[in-house]
Amino acid sequence: MKILIVEDSRMLRLAIERSLVRAGYEVISAGDGEQGLALAQRMQPDVILLDMMLPLLEGTSVLRELRQHSATTNIPVIILSGLSQKNEEKLKTAGALAYFEKSKLDLENGSKALIQILKQVFAWRELAKSAH
């Protein structure tokens, strides 16, 4: 399974990438919204981890663009944010599948909570595919 991480903090992006690679995922990463959108359209990842506060193109704009293009409209997006979950419902309405607070990443322990969400997303995708 291929995961695209769109996160402007290089340290955080690399730490998440390491955790996911150790868990067996293929990882692509971008440091800004424009690069993330271009990679999503070109690479067609299985899921996107999207920060909200990004240079060049903010996360909400990336999410909106992803949902408007047929090639990316069905890619599950998990929002990564340093902000509290007060925006969660608005972001889900805009097309995000899940919301994950960066403070809960626990990178020293392999990001178990994030990996659990990813497993749920992949299980959900497989169910959706087998239903069609």
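Numbers for residues simply follow the sequence, beginning at 1.
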| query | About how many Å separate CZ of R67 and OG1 of T72, when rounded to the nearest 0.5 Å? | reply | 7.0 Å
| task | Ignoring hydrogens and angles, tell me if any N or O in the side chain of Q116 forms a donor-acceptor pair with the backbone of K112 under 3.5 Å. | result | no
| field | With K119 via salt bridge (charged side-chain N to carboxylate O under 4.0 Å, His left out) - residues at least two apart | value | none
| task | Answer yes or no: is there a side-chain heavy-atom contact under 4.5 Å between L49 and F100? | result | no
| Do the side chain of D8 and the main chain of P55 share a donor and acceptor less than 3.5 angstrom apart? | no
| said: Could you tell me if E17 and S29 have a donor-acceptor pair between their side chains, going purely by distance under 3.5 Å? | reply: yes
| Looking at K102 and D51, does any basic side-chain N land under 4.0 Å from a carboxylate oxygen? | yes
| query | V47, V21: one ILVMFWY side-chain cluster at the under-4.5 Å cut-off? | reply | yes
| query | Would a 4.5 Å heavy-atom cut-off, applied to side chains only, mark V62 and I48 as touching? | reply | no
| request: Determine whether I75 and P45 make a side-chain contact, defined as any pair of heavy atoms from C-beta on separated by less than 4.5 Å. | output: yes
| message | By the definition side-chain contact (heavy atoms from CB on, under 4.5 Å), identify the one residue from L118, L97, I117 that meets it with P76. | response | L97
| remark: Taken to the nearest 0.5 Å, the spacing of L50 CG from I78 CD1 works out to 10.5 Å
| Within the distance-only criterion (no hydrogens, no angle test), does the side chain of E65 pair as donor or acceptor with the backbone N or O of L37 below 3.5 angstrom? | no
| task | Taking E58 for its side chain and T60 for its backbone only, find out whether a donor-acceptor pair lies under 3.5 Å. | result | no
| Can you hop from L14 to I16 via hydrophobic side chains spaced under 4.5 Å? | no
